[in-house]
Amino acid sequence: MAAANTAAAGAATASAAPAAPVQVPRGQVDLVDFIDWTGVECLNQDSSHSIVNALKQTFRDDEGLYLASDSDEQLLIYIPFMQVVKLHSALFKGPEEDGPKTVKLFSNKEHMGFSNVNDYPPSDTLDLSTDHLVENKPATLKYVKFQNVRSLTIFIEDNQSGSDVTKIHKIALYGTTVDTTNMKDLKKIEEH
């Protein structure tokens, strides 16, 4: 009995340990500041556990906040950027049982829904293990497929346990910006 209590106490201590710091890939930056928040969408999210909990800078580091699916385990997330980016890697953090498992990423595919998400080949597919979800280690993407990204669609197909609810504590995207001209900043030259 004492051995069981000691093991339980050790497990509780291990789960309460602070998370390892995120290992940002060399030469890459967190692209959170380049997200166009006015266009971010998430289909099948629980309204009390929305996408901002997992994606916004201050919210995603709070272990009590998370994104949760609503009617089944699938989520479809659309993230537009304010300028063109090169996407290098993505971090998904979540609980071991309810965290995402199969994640399909689509570069520059707009207006996708659950009815047509399987009509397009993904730019990359991640098969996340429970280690990915707890280690704070970004998954490297097929970099050549994400060179001129204006938007990213993320399809969470299933979760680790096959339960009806998928939970994500944090989504972080790492890469670099591409030097481009913001057409909105240009002013029309009037002829005299």
Side-chain angles (χ1 to χ4, degrees), residues 21-62 65-69 74-94 100 103-114 116-117 119-126 128 132 136-157 166-190:
V22 176
Q23 302 166 11
V24 178
R26 172 178 268 161
Q28 309 302 314
V29 297
D30 187 339
L31 296 172
V32 69
D33 292 333
F34 301 99
I35 293 173
D36 179 1
W37 292 102
T38 60
V40 172
E41 295 178 9
C42 183
L43 301 181
N44 193 37
Q45 68 182 341
D46 179 334
S47 59
S48 59
H49 299 286
S50 68
I51 183 65
V52 296
N53 291 347
L55 199 56
K56 277 225 176 198
Q57 186 76 43
T58 54
F59 296 5
R60 67 184 186 184
D61 294 320
D62 183 336
L65 298 176
Y66 56 89
L67 164 64
S69 62
Q74 295 185 334
L75 289 161
L76 191 60
I77 304 163
Y78 175 73
I79 304 170
F81 294 99
M82 291 185 289
Q83 68 183 78
V84 178
V85 299
K86 292 181 180 184
L87 191 58
H88 177 272
S89 50
L91 174 102
F92 294 89
K93 185 178 177 191
V103 179
K104 295 182 179 178
L105 299 113
F106 301 86
S107 175
N108 302 323
K109 291 284 185 207
E110 298 179 4
H111 310 296
M112 293 180 75
F114 290 108
N116 69 353
V117 73
D119 294 347
Y120 304 101
S123 303
D124 203 354
T125 301
L126 303 175
L128 301 176
H132 284 108
N136 266 344
K137 186 175 180 184
T140 303
L141 305 176
K142 294 177 184 169
Y143 193 54
V144 70
K145 300 273 189 173
F146 298 95
Q147 289 296 301
N148 289 298
V149 180
R150 293 178 304 284
S151 66
L152 182 69
T153 302
I154 302 170
F155 176 47
I156 309 295
E157 192 167 34
T166 297
K167 294 179 182 176
I168 304 172
H169 291 290
K170 180 177 186 173
I171 299 173
L173 305 170
Y174 300 101
T176 57
T177 57
V178 176
D179 291 330
T180 59
T181 302
N182 184 346
M183 300 308 278
K184 293 178 184 175
D185 291 342
L186 295 179
K187 295 187 180 10
K188 183 177 179 180
I189 298 175
E190 295 185 26

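Along the sequence shown, residues carry numbers from 1.
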Residue pair [X] / [Y]: nearest heavy atoms and the distance that separates them:
X      : Y      : result
Thr140 : Leu126 : O-CD2, 4.4 Å
Ala54  : Leu67  : CB-CB, 3.9 Å
Ile156 : Pro100 : CG2-CB, 3.7 Å
Lys86  : Val178 : CG-CG2, 3.7 Å
Leu91  : Asn136 : CD1-C, 3.3 Å

Subject >> CA sep, side-chain torsions, deciding dist, call: Phe92, His169, side chain to side chain contact (heavy atoms under 4.5 Å, CB included) >> reply: CA-CA 8 Å; Phe92 294 89; His169 291 290; over 6 Å; no

**OP:** Applying side chain to side chain contact (heavy atoms under 4.5 Å, CB included), run through Lys170 and Asp61 and close with a yes or a no.
**Re:** CA-CA 7 Å; Lys170 180 177 186 173; Asp61 294 320; 3.2 Å; yes

Any side-chain to backbone donor/acceptor pair from [X] onto [Y]? Under 3.5 Å, distance only.
X      : Y      : value
Asp124 : Lys142 : yes
Ser123 : Lys145 : no
Asn116 : Gly113 : yes
Asn44  : Gln74  : yes
Asp30  : Tyr174 : no
Ser107 : Phe146 : no

Original post:
Between His49 and Tyr66, is the gap from one ring center to the other below 6.0 Å?
Top reply: yes

Could you state the interatomic distance from [atom1] ([X]) to [atom2] ([Y]), rounded to the nearest 0.5 Å?
X      : Y      : atom1 : atom2 : answer
Arg60  : Lys93  : CZ    : NZ    : 11.0 Å
Met82  : Ile35  : CE    : CD1   : 8.5 Å
Gln83  : Leu31  : CD    : CG    : 9.5 Å
Gln147 : Thr176 : CD    : OG1   : 8.0 Å
Gln45  : Thr166 : CD    : OG1   : 13.0 Å

Going by heavy atoms in the side chains, are [X] and [Y] under 4.5 Å from each other?
X      : Y      : result
Ile168 : Ile51  : no
Phe155 : Met112 : no
Tyr143 : Leu87  : no
Tyr78  : Ser151 : yes
Ile154 : Phe106 : no
Leu152 : Leu173 : yes
Glu157 : Lys104 : yes
Leu76  : Phe114 : yes

Subject >> With Ile77, the side chain to side chain contact (heavy atoms under 4.5 Å, CB included) member among Ile171, Thr153, Val103 >> reply: Ile171

